[in-house]
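To keep things clear, I will list the structure first and then write my remarks on it.
A quick note: this is a predicted structure, and the numbers were derived from the prediction, not measured. Within every chain, numbering begins at 1; the chains are lettered A, B, ... in the order of the sequence lines, protein sequences first and strands thereafter.
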Amino acid sequence: MTGNVKTSDKAPNGFEIIPSGINLLNEADSPLPMDTTGKVEAELDTRLDSRFIDLRKPGTNAIFRIRHEVLNSVRKYLSSNNFIETSTPKVVATATEGGTSLFPITYFTTEAFLNQSPQLFKQILMSGGMDRVFEIGPIFRAEEHDTRRHLNEATSIDIESSFCDHFDVMEILENMISNVYSSVKQNSQKQLDELGIDLEIPEKPFLKLKYEEAIDIVNQNSEEELVWGDDLGTSAEHIIGNDVFERTGQSHYFIIDWPTEIKPFYAMPDENNPEISKSFDLMHRTMELASGAQRIHHHTMLSERIESQGLNPDSFDFYLDAFRFGMPPHAGWGIGCERLLMTMLGTENIRDVVLFPRDRRRLSP
RNA sequence: GUUCGGAUAGUGUAGUGGCCUAUCAUGGAGCCCUGUCGAGGCUCCGACUCGGGUUCAAAUCCCGGUCCGAACGCCA
């Protein structure tokens, strides 16, 4: 449309165009798959089937502009703290950590898998003298989970840093989270307004709750009878999250001092008490956001840990070799980008913050 | 994977055996009105997830399939 733009008190936006010409660029079919004006809600499933229309709604659009701001501020923050961005393979020969199921694919004539985490590769880089690295990329999990907070393809923000322990990287993590919140508040206020969100920046430092304290909270506040060594289930996470929130008014906190047995093989056992590992989870009141640890940097110890978790060290040669020629002590973490966004914006479903989510039932669009 | 719940116009919904040739909103088509609003008024259009069963009678009850949601499990 061409014409003169005039200010007008009566126009909803404060201005209007007095047209002198209209040129039809392309016609739209009718009816539309859903309403874009906010008069009639559409269910998530309907919206995802027609993302191209859904994205025309200001609220949906705002989410993805904020997502950009989150990733942009993560890159800026980590870069300015001497981390360099890396890209590691998503097509891999073996399971990363053994725990979760992987998607098998055909790679020419052999079987390969989609990677569940850049973990092993970023550790290899530590041996190569790339002292501080980060990666933002897709991870794939073949778990048949069916919840509001799981995806089969997610975006992971990962760091690894040499000459650091778990406390050092926890500090980087909480600083980064705080920085992301500030950046979004500063640069995406229009989008936050569109979503009706008054963003509160989490207070630092985040509470550090010991695993054994977390267990006590659950046992005191519920019917559950957890014993040392048990993993924390969903309802336990909620009980702990609510307890922390009531006491501190904060949604973010760390759980530290996890039993070595329930953490991945590469987590460093505590020197004074090997039953406990130098690992942590970053929790939000509603769910787990990140996990990290100081890593084992001794070849022999690592090889033994792989074996004791029922895995075959031979299939980890490509990884273990990096520990034989001078691996510095190092630590790192990985945080789910979608969970970070979801908890920040308070969306009901993680699929709300992914353009084209992949879950157990959805492979298209 | 387990348990529970659901599926009605393009979209979101009402309807728990006969009053359903199925409600309302939004949308579309048309007419009227109108400096502004999600403009308004009127007319019309458009749907019971699929298959089987019960019954004189099924959107409604029963069985199975498909799809969807929630909690849990698993995990980030």
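Hydrophobic clustering (side-chain heavy atoms under 4.5 Å, transitive across Ile, Leu, Val, Met, Phe, Trp, Tyr) keeps A/F254 apart from A/L207. A/M176 and A/I159 end up in the same hydrophobic cluster when Ile, Leu, Val, Met, Phe, Trp and Tyr side chains are linked at under 4.5 Å.
Comparing B/G1 with B/U54, their C1' atoms sit 34 Å apart, to the nearest whole Å. To the nearest whole angstrom, the two P atoms, one in B/A7 and one in B/C62, are 13 Å apart. Distance noted for atom C1' between B/U23 and B/A29: 22 Å (whole Å). Comparing B/C67 with B/U55, their C1' atoms are spaced 29 Å from each other, to the whole Å. A gap of 4 Å separates the C1' atoms of B/A9 and B/A47, to the nearest Å. With P as the reference atom, B/U49 and B/U11 are 13 Å apart, rounded to whole Å.
Heavy atoms of A/R360 sit under 4.0 angstrom from at least one base atom. Residue contacts for A/H238: at a heavy-atom cut-off of 4.0 Å it reaches the sugar-phosphate backbone alone, with no base atom in range. Counting any heavy atom pair closer than 4.0 Å across all strands shown, A/L151 reaches a base atom. Residue-level contact check: A/E288 touches the backbone only, with heavy atoms under 4.0 Å from sugar-phosphate atoms and none from bases. Note on A/T37: nothing from the nucleic acid sits closer than 4.0 angstrom, heavy atoms only. At a threshold of 4.0 angstrom between heavy atoms, the contacts of A/G334 with the nucleic acid are absent.
Both distances falling under 3.5 Å, in either a Watson-Crick or a G-U wobble arrangement, place B/G5 opposite B/C68. The partner of B/C37 is absent, by the rule that a Watson-Crick or G-U pair needs both atom distances under 3.5 Å. Searching all strands for a Watson-Crick or G-U wobble partner of B/G18 with both distances below 3.5 Å returns B/C56. With a cut-off of 3.5 Å on both pairing distances, B/C75 has no Watson-Crick or G-U wobble partner at all. Remark: B/G27 base-pairs with B/C45. Criterion, Watson-Crick or G-U wobble with two distances under 3.5 Å.
In this structure, A/F121 and A/F318 have tilted ring planes: the angle between them lies in the 30° to 60° band.
Relative to the side chain of A/M34, the nucleotides B/U11, B/A76, B/C68 differ in distance, and B/U11 lies closest. Closest approach to the A/T147 side chain among B/U11, B/G73, B/G1 is made by B/G73 (side chain taken as heavy atoms from C-beta onward). Taking every side-chain heavy atom of A/E43 into account, B/G12 is the closest of B/C72, B/G12, B/A76. Closest approach to the A/A42 side chain among B/U11, B/G1, B/G10 is made by B/U11 (side chain taken as heavy atoms from C-beta onward). Of the candidates B/U26, B/C75, B/A70, B/U26 carries the atom nearest the A/D35 side chain, counting heavy atoms from C-beta on. Nearest nucleotide to the side chain of A/D146, out of B/A76, B/C72, B/A25: B/C72. Taking the side chain of A/R148 as heavy atoms from C-beta on, and the options B/G12, B/A71, B/C74, the nearest nucleotide is B/A71. Proximity note for A/V40 (side chain, C-beta onward) versus B/A25, B/C68, B/A76: the nearest is B/A25. Of the listed nucleotides (B/A76, B/G1, B/C75), B/C75 has the atom at the smallest distance from the side chain of A/E237.
At least one side-chain nitrogen or oxygen of A/N349 sits closer than 4.0 Å to the OP1 or OP2 atom of B/A70. Here A/S117 does not reach the OP1 or OP2 of B/A76: none of its side-chain N or O atoms lies under 4.0 Å away. Look at A/R361 and you'll find a side-chain N or O under 4.0 angstrom from OP1 or OP2 of B/C68.
Checked by distance alone, A/E16 brings a side-chain donor or acceptor within 3.5 Å of a matching partner on the base of B/G35. On a pure distance criterion of 3.5 Å, no polar donor-acceptor pair joins the side chain of A/H145 and the base of B/C75.
For A/L102 and B/C75, the CG to P distance is 13 Å, given to the nearest whole Å. Note: CD (A/E338) to P (B/C75) measures 19 Å, nearest angstrom.
Applying the ring-ring contact (aromatic ring centres under 6.0 Å, His included) rule to pairs touching residues 172-195 of chain A yields A/Y181-A/H252, sequence neighbours excluded.
Atom CD of A/E111 is surrounded by more than 12 heavy atoms from other residues, nucleotides or ligands within 6.0 Å.
For the side-chain contact (heavy atoms from CB on, under 4.5 Å) with A/V353, the lone residue among A/T347, A/L151, A/I66, A/L340 that qualifies is A/T347. The side chain to side chain donor-acceptor pair (under 3.5 Å) test with A/H330 is passed by exactly one of A/H297, A/Q123, A/K122: A/Q123.
Counting heavy atoms from C-beta outward, A/L102 and A/F140 have side chains that stay 4.5 Å or more apart.
Take the nearest nucleotide of RNA chain B for A/E153 and for A/S30: the residue whose nucleotide is more 5' is A/S30.
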